[in-house]
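Notes follow the structure.
Hydrogens, waters and symmetry mates play no part in the numbers below; they use all other heavy atoms, side chains included. Chain identifiers are assigned alphabetically (A, B, ...) following the order of the sequence lines, protein sequences preceding nucleic acid strands; residue numbering begins at 1 within each chain.
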Amino acid sequence: GAGVSQSPRYKVAKRGQDVALRCDPISGHVSLFWYQQALGQGPEFLTYFQNEAQLDKSGLPSDRFFAERPEGSVSTLKIQRTQQEDSAVYLCASSLVILAGRAYEQYFGPGTRLTVT
Amino acid sequence: GQQLNQSPQSMFIQEGEDVSMNCTSSSIFNTWLWYKQDPGEGPVLLIALYKAGELTSNGRLTAQFGITRKDSFLNISASIPSDVGIYFCAGRTEYGNKLVFGAGTILRVKS
């Protein structure tokens, strides 16, 4: 496909379960971002990769959150021992790397809606 | 952390009317972006602004990057039903890094 894809689109987890959310970026996009969007709010930054390197994880809310991108393409966001406050839409975005000072903007996937009961 | 104040929170307007929304920040940004999000979808980029004072149009949409680099506005002219959705402003302090989003403006259009 031409855009960023995410799976699953919807996930219901019982409190305490582990979940894994997948992101397939646009082919050739070097940069990949994860955002968390609570109901009625704007997206909030979680973490950022350039190729397989995780360059910024300052937005991860706790050590229960872990992200990886081992081959510099697909990324997985893992949440361990889910809590009710983890309920949100998790958005993935990708962009080309900066070339000659030009900024390439982020393209977002449709998100995964996580509900923790 | 950094926060963007976006207003109004929501608007309910008549089809054909013009719409204006804005975003302010206590921090300076090098880039201002405006996104639209439909239910069940991710944000879609509408307009990107890279220089203070820049005024950019995309069809019926016009956005400006404030001179102080701490604010931006988005105007939509002659609104139509498909303009319905949530509009977000976003700022970035460096090329390639994370975006900081406002809380969104919900736009509803009466036809």
Side-chain angles (χ1 to χ4, degrees), chain A residues 2-6 8-10 23-26 29-51 53-61 88-113, chain B residues 1-10 21-25 27 29-51 54 56 58 63 65 72 74 85-108:
Chain A
V4 177
S5 61
Q6 293 186 245
R9 291 294 311 276
Y10 304 91
C23 173
D24 284 82
I26 294 172
H29 278 198
V30 171
S31 298
L32 187 145
F33 301 78
W34 283 97
Y35 292 83
Q36 180 190 59
Q37 186 174 23
L39 189 64
Q41 298 297 317
E44 289 195 7
F45 171 80
L46 293 176
T47 187
Y48 158 58
F49 290 85
Q50 187 160 310
N51 293 307
Q54 189 174 19
L55 299 185
D56 186 348
K57 54 182 180 179
S58 62
L60 295 176
V89 174
Y90 291 84
L91 294 164
C92 175
S94 70
S95 72
L96 291 169
V97 73
I98 307 307
L99 291 174
R102 178 182 169 181
Y104 289 88
E105 298 308 334
Q106 297 174 30
Y107 292 85
F108 283 81
T112 294
R113 180 176 295 278
Chain B
Q2 295 171 316
Q3 286 189 333
L4 297 184
N5 298 309
Q6 188 171 350
S7 65
Q9 281 188 317
S10 65
M21 58 191 79
N22 68 78
C23 214
T24 61
S25 169
S27 303
F29 288 102
N30 290 341
T31 302
W32 281 94
L33 305 162
W34 286 91
Y35 285 86
K36 179 175 183 270
Q37 187 174 29
D38 292 327
E41 300 297 329
V44 174
L45 182 64
L46 300 174
I47 290 182
L49 302 156
Y50 301 109
K51 294 181 182 178
E54 180 180 357
T56 297
N58 178 8
F65 190 144
S72 177
L74 174 71
I86 305 177
Y87 291 79
F88 290 100
C89 61
R92 184 173 59 218
T93 54
E94 295 180 38
Y95 285 149
N97 286 350
K98 64 186 178 184
L99 298 178
V100 177
F101 282 83
T105 294
I106 300 171
L107 179 63
R108 298 185 181 91

Heavy-atom side-chain contact between [X] and [Y] under 4.5 Å:
X     : Y      : value
B/P43 : A/L91  : yes
B/T56 : B/W32  : no
A/Q6  : A/F108 : no

> Is chain A contacted by the side chain of B/I86, its backbone, both, or neither, given a heavy-atom distance below 4.5 Å?
Replying inline: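 Contact with chain A: none, neither part.
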> Side chain, backbone, both or neither: which part of B/Q6 has an atom under 4.5 Å from a heavy atom of chain A?
Replying inline: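 Neither the backbone nor the side chain of B/Q6 comes within 4.5 Å of chain A.
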> Residues two or more places apart in sequence or in another chain: which of them pass salt bridge (charged side-chain N to carboxylate O under 4.0 Å, His left out) with B/D38?
Replying inline: B/K36
> Any donor and acceptor pair, going by atom type alone, linking the side chain of B/N30 with main-chain N or O of B/T93 inside 3.5 Å?
Replying inline: yes
> So, A/Q36 side chain and A/A88 main chain: donor-acceptor pair closer than 3.5 Å or not?
Replying inline: no
> Strictly by modelled atom types, are A/Y48 and A/Q50 linked by a side-chain donor-acceptor pair under 3.5 Å?
Replying inline: yes
>> Quick check for you: to the nearest 0.5 Å, what is the distance between B/L99 atom CG and B/F88 atom CZ?
In response: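 It is 12.5 Å, given to the nearest 0.5 Å.
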Quick check on [X] against chain B: is it the side chain, the backbone, both or neither that has a heavy atom closer than 4.5 Å?
X      : result
A/Y10  : neither
A/R113 : neither
A/S58  : side chain

> Can you pull out the residues in residues 101-108 of chain B with any heavy atom less than 4.5 Å from chain A?
Replying inline: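 Against chain A, the residues of residues 101-108 of chain B that fall inside the cut-off (heavy atoms, under 4.5 Å) are B/F101, B/G102, B/A103.
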